[in-house]
Each structure stands twice: as C-alpha cells, then as structure tokens.
Engineer: 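Take this structure, written in structure tokens, and hold onto it; I'll ask about it next.
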Amino acid sequence: MEIFTEQIRKEHFLSRTDARVKIISSLMILVMVLSYRGIFFPFFVFVSGMGLCYKMKIPLKRFLLRFSEPLFIVSVVLILKLFFSGKETLFSFAWFGITVIGHSDGLMEGIRIACRIMGAVSIVAVLGFSTPFNEIMAGLSWMRVPRSFVEISMFAYRYIFLLFEDGMVIYNAQKNRLGYTKIRRGLNSFGVLAGSLTLKAFDNSHNTTVAMVQRGYDGTMPLLKQKPFRLAEVSLSVLVIAVMGIIWTR
Amino acid sequence: MDPVIRLSVSIDLFTYPDGTRAMSDIGLSVHNGEFVGILGSNGSGKTTLLRLMDGLLKDFSGSILLDGRDVRRLSAREIYSKVGLVFQSPDDQLFAPTVFEDVAFGPLNMGFQESEVRERVFAALRDVDMKGYENKAIHNLSYGQKKRICIAGLLAMGHEILLLDEPTAGLDPMGEYRMMSLLTSLSKDKGVTIVMATHSVDLVPLFLDRLYILSKGSIVRGGTPEEVFNTPDDMTQVKLRLPHIAEMIYRLKHDDHLPFSKVPLTVGEARREIINLFNRTDA
Amino acid sequence: MDPVIRLSVSIDLFTYPDGTRAMSDIGLSVHNGEFVGILGSNGSGKTTLLRLMDGLLKDFSGSILLDGRDVRRLSAREIYSKVGLVFQSPDDQLFAPTVFEDVAFGPLNMGFQESEVRERVFAALRDVDMKGYENKAIHNLSYGQKKRICIAGLLAMGHEILLLDEPTAGLDPMGEYRMMSLLTSLSKDKGVTIVMATHSVDLVPLFLDRLYILSKGSIVRGGTPEEVFNTPDDMTQVKLRLPHIAEMIYRLKHDDHLPFSKVPLTVGEARREIINLFNRTDA
Amino acid sequence: MKVLHSKSAVQGLYLLVVTTSCIVLTVCEAHAMHISEGILPLNWAALWFVVAAPFVAAGLQRLKKLSAIDLSFKPLVGLMAAVVFIISCMPIPVPSAGTCSHPCGTGMSGILLGPTISVLIAAVALLIQALFLAHGGLSTMGADIVSMGVMGSFAGYLTFKALRFMKVNLSIAGFMAGLLADWATYITTSAELASGIRGDSAFVPLFWKILIAFIPTQLPLGILEGAMTAGMVVLLYKKRPDLLVKMRVLKPEEIAI
Ligand SMILES: Nc1ncnc2c1ncn2[C@@H]1O[C@H](COP(=O)(O)OP(=O)(O)OP(=O)(O)O)[C@@H](O)[C@H]1O
Ligand SMILES: Nc1ncnc2c1ncn2[C@@H]1O[C@H](COP(=O)(O)OP(=O)(O)OP(=O)(O)O)[C@@H](O)[C@H]1O
Ligand SMILES: [Mg+2]
Ligand SMILES: [Mg+2]
C-alpha cells in the first residue's frame, strides 16, 4: 500500500498548515486553472506545484508514480489533437501509403489541454502529498460536505488497507503450506484467496461494527475537532490566491 | 458479598443457527463488585455465555437480566453504557488505524472534551503498560500488545460491568499477573463488577471471588476457588486441572501420605503449609 | 544431541518498515530433532524471529541458514516443503471455508492422492482432538478450536521442521498438556525439529530440550531449562517468572531457609525433593 | 469428501479472472478509464457535477434511512467502496489505444446495495483515487460519478432486477449485470471525453474514434467484469446467503432451502 502518498507525509511547512486552508486554496486555484483560456497560468501553477513537491522532498519514485498517468494522458491528447483535429498543416509525411498530417492549430489546442491537465494535477498532488486523509475528511466535513459521505469515505479508506493486509496474510498462510509452488495449484490457491478475502472482509466489517457499537457507536463517527484558524496561515493563503488571481486576469 | 445482583442469567437453551447446541440449563448470578471467573474446556461455551450476557446473541430461551431488566429489551445504548465486553480475539475488536484512535473511540463517543479524552486514553495505556505506543499502527503491534490495547479501549470508558473473554491469553507472565492485579483492584477499590472467561487455572485462586465451571454448555460446578478446586480427577473430567501448586500438595498428601491439613491453592499458602509441616515434624 | 544443525540464525539487525528495531544481535542454532523454546515478554520479538526463520521477512542484515543454505536464496518450494509455521493468531492462518478444506490444503498442494489426503487430514484432526468437526465452518469455531485446526493443518503435511508461535495459547489446560506431549513425541519419536515461541513457563521444563530468552529483540540467555530458570529476579527482569513450583521451592529455600538441595522445576521433581527433605528431618 | 471436486464453473471462472487481472495489475501502471484531472474545461466539469448531484443526494437519503435501521450499514457501504476502489484500480492494457482500462465494479455494488447507494460508493472510491493516486480527478469527479456511478450502477441494477424477475438464474443475471454496467460506463465516458476535448471539432466523429479505440479491450473487459460480478454473487449465495438477505438482494424465503 505504499502507493498511498500519505505514507510519505513528512514534517514540513505545508503539512503543518490547516487542512481547511489547503483545501479551499487548492480548489480556488483549480477553478482558475480550468477556466483559464490560455497556456500561461496553468503552466505557472504546474511549475509552482513542482517547486512545492521539491520543497516537500517527495521521493522521486512516488512522484513519478503519481504523475505517470496524467503524463501518459497528456501525450495521448497531444497526439490525438496534432493528427486528428485542426486545419492548418504544420507538417506531413507519407507512412505506408497514407499521408499523415500534423496540424499546427491542433497542436496548439493540445498544448492548451496539456497545460490544463498538468496544472490541475499538480495542485491536487500538492494537496494529496501534504495532507493526511483524516485531516482532509475533517476539513470536508467542516465545509458542510454531508457527514455520512465523509464517514463512509473514512470506512472505505480503512478497508482498503485492511483488504490489502488480509490479502497478504492469506497469501503468506498459503505460501507457507506450499500454495504457490505449482502453477495449477497456485491458480487454485489464488481463487481460494479471492473468495475467502471477500468473505473475511464482510465478516470483519460485521465484527468491527459490533465492537464499535459496544463502545458507543450510534451511527456517527467522532471526528477530529477543528482547531481555530491561524491568522498567519489564512492571510498568507489569501495573499497567494490574490497573486494567482492577478496572474489569472492578465 | 454485596447483596445487589447486577447480572442474573438463566438459559434453558441456546442453539447457533448452524444447529450447534451451545448452551443449556445455565443458571448463574453476579453480584455488584464481584470478580467472577468462568472456566471450561475449548468449545464449552464460555464465549457464547459472555456474548449472551452482553446482548449480542438474542435467540435463546430463558432470561438474562441486567440490573433486573431483560437485556433483549434494552437498547444498545442502555446496555453498553453499563457493560463492556473485551473480545477473545483482538482482531475482532480493534478497528481504528492507530492505537490512540482506537482507545479514544469510546471516550469520544461518550462526549468528553478533547483534554478529558486524552487523559483517559493515556491513563488506560499506562494501566496496560503500553505507554509510548499511541501513534503506532494497530496492525503493526504484536499479538500481546494488541490484546492490551483491547483492554485499554474498555478501561478508558470506565464501565460498571466488565465482561472479559480470556483477557490474559497471549500476555507474558508478568503482564498476566499485572492485568489480574489491575482487575482485582478495579473490582475491590472501584466496585467494578467483572466476569472473566479464562484458562489460567493457576491465577484463579489468587484473584477471583467466585467461579463457575462450564462443560458442554452447562454449568457443572460453582463456588469459591476453594470449593471448586477439589480433586484432580474432578478437574480432568472437564479437561481442566488443579493449579500446579495444589496438584503437588494434593499428590504429597494423598499419594505420598504427608500429613498436610489442607490443600492450598497458591504459592503463599503452600509455603505456609510446608513450613508448618516442617516445624511440626521438626519439633 | 544430534550434531546436525538444521537452522542457524545470526542476525545483526532487523528493522520493520515503520522504523521499529525489532531484532538485533541474534545468534542461535537448532539441532536436528531438538525441541527448542523461545520465551520473552510481549513485543520482545518472538513472532518476528519465527517469521524470519520461515523466510517471510527478508530485509535483515545477517544470515539465516536452513540446512546450511541461506533462506533468502531458497525458493518457496524448497523452504516450505521442509519448514512449516503455525501463526500466532488463528485468523492469520485459516482461510478455507470449512475445517476439512483448510487442513487438506497443504496435503493437496503436496500432490497426494485423495485417499492419502483424507487419511492425513483425519489423522491430524485426531491428533488435535477435533475429530467430528470436518464439515464445520471455520468462522463458527471457538477460539481454541481454531487454534487446534491451525496446528492440524501443519501436522497433516508432516514437515521435518515445525515453527510454532504460541501453539498452546488459548487451549484449555488439558489440551495444552496433550499438545505439548504430542509435540514432544513428534520430536523424540519421529525426529521432527521444533522451535516454539511460548508464554507457558510452567510447561517448559517438562517438555523442552533447550530454550532461549528474548528481550527487546536480543537473546539474553540460552540453555537447558535448568540452566536458564535461575533466580526469580533474573526472570522478572525480562518480564517472565519461574514456574510456580520452582518459585515456591525457591522461596522456601532462600527466604524461609529450608535446606533444599536444589530448586526443582516440575511437580514430580518437587515432590521428590520435599519427600527427601521430610524424610531427612524426620530421621 | 466432495469438496475436493465440486466447484461450480462460474466460481472457477471468477477465480481465474481475478487471478489474471491481478497478474496484469503488476505489469501495467497507467490507467485511463476515469477521466483524468484537468481534461475537462470548467463549464463541462461543472455540468457533470450538476448532473451527478441529484443521484448523490438520493444516495445520501437512502443511506440515512438504511443506516438508521442497521448500524452496520455504513461500515458495509465503506467496505463495498473499498472493493470498488480496488477493482477500479486494476488496470488492463488497451493495445489499440496505447493505454490501460479497468473494470469498474459498480455493477456489483449496484446489485448488492442498490443503485443510489452505489452512486455514493463510486463517489467515495473516486474521491480517494483523485486525492491520493491521481487516478481520475477532483474536477472531473462529477463526470466520473455520472459514468461509473450513475450509468454503471443503474445499468447493473436494472439488468439484474429484470433478469431475476424473468427467473433467470443468479449467475447469468450477475454476469449480464456486470457486463452491461461496464459497457454503459465506457460509452458514457467516451461521450464525456469527446465533448470535453473536442475544442472546435465535431462531437460525433470524435466520440466514435474514442469508442472504437477502446473496443478491443472493453469487450473482453466487460466479460471479465461480468464474470467477476457473477462470481461474487454466487460466492455469497453459496457461502453466506445471510449476507445477501441482509443486503436485500434475496428474500429470506429464497435461501430457505
Ligand atoms: N457462530 C457460531 N456458529 C455455530 N457454532 C458456534 C459458533 N460459535 C461457537 N460455536 C460452537 O459453540 C460451541 C461453544 O463455543 P464457544 O466459542 O462459546 O467456546 P469457548 O468456551 O469460548 O471455547 P474457547 O476456549 O475455545 O474459546 C463450540 O462447539 C463452537 O464450535
Ligand atoms: N509489522 C510490523 N511493523 C512494525 N512493527 C512491528 C510489526 N510487527 C511487530 N512489530 C513490533 O516489533 C516488536 C516485536 O514484535 P513481535 O510480534 O515479534 O513480538 P512478540 O515477541 O511475538 O510478542 P507477543 O508475545 O505479544 O506475541 C514489537 O514492539 C512490535 O510492536
Ligand atoms: Mg472462547
Ligand atoms: Mg508474537
């Protein structure tokens, strides 16, 4: 489960910032990125995001993992736009008897989308890299996101880890009894694993509910209490948003 | 013995959905502030009995009264504000990601302020010797450590009645001893009523007020440790044994014909008996 | 002692991914056919050590040799056809829906014919006193029953080396005794090598050939039970204790100054000592 | 003992399918069935949020009602969300589009917990993926909820109900539900994607291009998803029918035998 970026949360300026401030600022910047018609602003956000990731000392592997999917999509979009849309020919060549045409206006359009993607992705990545899940949840709940939605998200988050753990546990138990030494038996073992993982998970969800009810669970999970906003953080973020806004209007 | 009866159980029959007759002809009662043990072999029904008392299993014939009221009629809140159950397997009980969050869950639900919650959590962790583990992920704990956190989770809530399903299984010998002392002091000093299923025969006579022996879903004997731990053969019949000390003195008395006046159950008593004997023959 | 060394462990350091230093400066070896115990308080690293020996944890510095070959270099088949590990928590080990399917999993993987598989399963269930439960759903068993099925699952495979993580925790006293006798006979009669983590101090001297005491991830003592169980204070330092019998005689000898010649560890020996003492003073 | 031999074909298939998908999981990393962060411009992103909102609201309403009766319902929904999360993280390569696609799992959750709850489940899974995996995105969550949550859940649920009403057996109903849920999701995603990135070009040809690019994987993926859904339902039916009753998939009398 190391793909979860939260696992690498370190002590740094952003991780200490109030989650609500981070969420609101990120969402505002995200909206600006998406509504901007040109290239400059998203690109600027992208570069700042990279800078923050660097400051947070995100390990390279996690960083690449996180950006691999968007980068991939960016390249697909660029290719699609370059060759399949637009009117003005940028270049053309023959390829197995087909004339392939690259369009300059298509390319421009592609770059615009690419910047938008990278800008948006990097701002959300910074939020994800710097904020633990339960803080985000507490923040969302403060922002009037329905409480039950927040709660099932927290359950889900917990169960994701549990499923992986239980999967590993069963895998080890099987390996220990020669479960994966022959291919045919291995497939069979894996089948047993999938089935019993499912059943165990259902049982587990039932058992833990019983344990929770025992300890006073009445249908609503207790959440982190929010500390009061700190003036310095709020004013800093207002400043950042204002600067961003000025750049955006240019 | 405090005359107030907190729990009174009388079960004619309880059958699990798969047809297992797990409980029949049970009658027992637990007084206020008592520390009662339930002993029995594997599969004799200890866990089932505790779950029945806790209101988790309802499909039985008979009655279980908590402070005089039928547990089947009580709401979850009414039961669990008084009664806390520690499950036998820690994995059934722990659900939060970290130690602190798990132990704090109960107090948070009770509506305490954050500072009070923290205080209770830290006190409970101290009681089970797990201070300093607050931020450790639950699934990274050792088995005995998990067991301790389970108990801490209940201690932090300060129930009046505790049901404990083998709380000392998997604890190291010192932990076992400390846990039992802690429970005894809860019962003696704070008046907490405790019912505990256990296999630790040797600790029973040191700490428990009274015990019941279960066999195949029925109670076969009940009373103080002295009354119940009688002869080794009676115990082997129900797959238990005497405490080692008692076993030894029993053998010395009956097989080797040393003139012990009684069969002591604990190290302390046995020392006294042996010294007495020694002085007598010496003189 | 058979001079052939089956397992030889020397670990400089093992750290869990979350930073816990779980093991350091470990050196031990297990001879063929030996029955070796590992004792230690909760969190001292018993489970970690067994998992290391079983090849489940590989990120350590040092070496673990199974029949002279590094476990990290061996394939799963090479390790697990020789070595079997019973996990501490039965829920970690049992995965099939019914008792029969779970116990049969190992033998089936070993490629036996159906009749042979059935034979092995039934023999193993008999050994752990669980005959008649073949078709019961695992999640409907009691804790002690699950524990027994775990052990049966390994017994059915007939490994040469068994690693057992507290196999008797949660078993009733008679089950505990029987299990230990069974393991001893496996080791003495069939030459199976057994390493077992345990908290059952009282049973150790009756059954084990040799034991190691772990504390905070290091071995602090090793030897025969007589060599290791020394003074109560040494034991309390590592959160263990002497067997009750030894404790009593120790107290009688050192605090009450009765002239015992040695401190016996088992009921049988203690009886002999006391009778001797008695006869001596009598005469 | 017959346990050594008997294993229904469907269950076997389910197991095989899960096996292969997990092998693939280790091979391939990029995935692209969710619409990625930033692809949709603000107006389109907002539109899809508006479309998704009533369904999410209905889901919340129903969650509130059911969890008041049964305290273990929320944890169960959370568990299903985790399952959907994992299933929809399982990338399968799409050679023709040079990308990966994945099953969505909402057909299964739609059958088991009902379509509106299943929309919620999709939303939760998507939120966690967006925040921590850059799989999908915050701004495109609305669109993804509509395709995976709304279309997937309702397609799965309605198919299952209709087939069960016609007395089709459990495994076939489950299979068809999974299959159609997957295809419905993918068609919707293609439409959303086409409208979002078309710029000045025409919608319909782009939609077809995207649709066709995904066909080589989406056809088999649908079958895989169908098998998985059927496997899950049959597994539960065989081993833990009590759970199916609790989740209101079956009536108590249906498991009496
Ligand atoms: N959920 C269940 N469904 C069916 N049978 C069950 C269930 N739980 C327990 N049993 C059976 O009921 C009997 C009593 O089980 P119980 O768990 O109460 O025993 P126990 O005394 O706690 O044993 P242990 O010492 O092993 O914990 C056992 O034979 C067990 O197999
Ligand atoms: N997966 C893990 N990740 C991090 N730390 C762990 C992990 N497993 C165990 N530990 C820690 O390592 C130490 C040794 O644990 P281990 O499970 O080996 O103890 P043990 O001797 O088996 O204890 P017990 O008697 O309670 O079973 C403990 O402090 C424990 O908290
Ligand atoms: Mg029990
Ligand atoms: Mg351990």
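Numbers restart at 1 for each chain; the letters A, B, ... are given by sequence-line order, proteins then strands.
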Engineer: With only heavy atoms counted, which part of Leu85(C) is less than 4.5 Å from chain A, the side chain, the backbone, both or neither?
Structural biologist: both
Engineer: Which atoms of Asp102(C) come close to chain A, meaning under 4.5 Å heavy atom to heavy atom: side chain ones, backbone ones, both, or neither?
Structural biologist: both
Engineer: Is the number of heavy atoms from other residues, nucleotides or ligands under 6.0 Å of Asp189(C) CG greater than 12?
Structural biologist: yes
Engineer: Using 0.5 Å steps for rounding, measure from the CG atom of Asn204(A) to the CG atom of Asp91(C).
Structural biologist: 9.0 Å
Engineer: Only heavy atoms, only distances under 4.5 angstrom. Which residues in residues 170-179 of chain A are near chain C?
Structural biologist: Ile170(A), Asn172(A), Ala173(A), Gln174(A), Lys175(A), Asn176(A), Arg177(A), Leu178(A), Gly179(A)
Engineer: For Met28(A), does the CE atom have more than 12 heavy-atom neighbours from other residues, nucleotides or ligands under 6.0 Å away?
Structural biologist: no
Engineer: Check this for me: Phe63(A), atom CZ, are more than 12 non-hydrogen atoms of other residues, nucleotides or ligands nearer than 6.0 Å?
Structural biologist: yes
Engineer: For Leu239(A), look at atom CG and say whether over 12 heavy atoms of other residues, nucleotides or ligands are found less than 6.0 Å away.
Structural biologist: yes
Engineer: Give, for atom OG of Ser196(A) and atom NE2 of His139(C), the distance between the pair rounded to the nearest 0.5 Å.
Structural biologist: 12.5 Å
Engineer: Which atom pair, heavy atoms only, marks the closest approach of Val169(A) to Asp92(C)?
Structural biologist: CG1-O, 3.3 Å
Engineer: Determine whether Phe95(C) and Leu193(A) make a side-chain contact, defined as any pair of heavy atoms from C-beta on separated by less than 4.5 Å.
Structural biologist: no
Engineer: Rounded to the nearest 0.5 Å, how far apart are OG of Ser189(A) and CG of Asn109(C)?
Structural biologist: 5.0 Å
Engineer: Counting only heavy atoms not in Arg72(C), do more than 12 sit closer than 6.0 Å to its CZ atom?
Structural biologist: yes
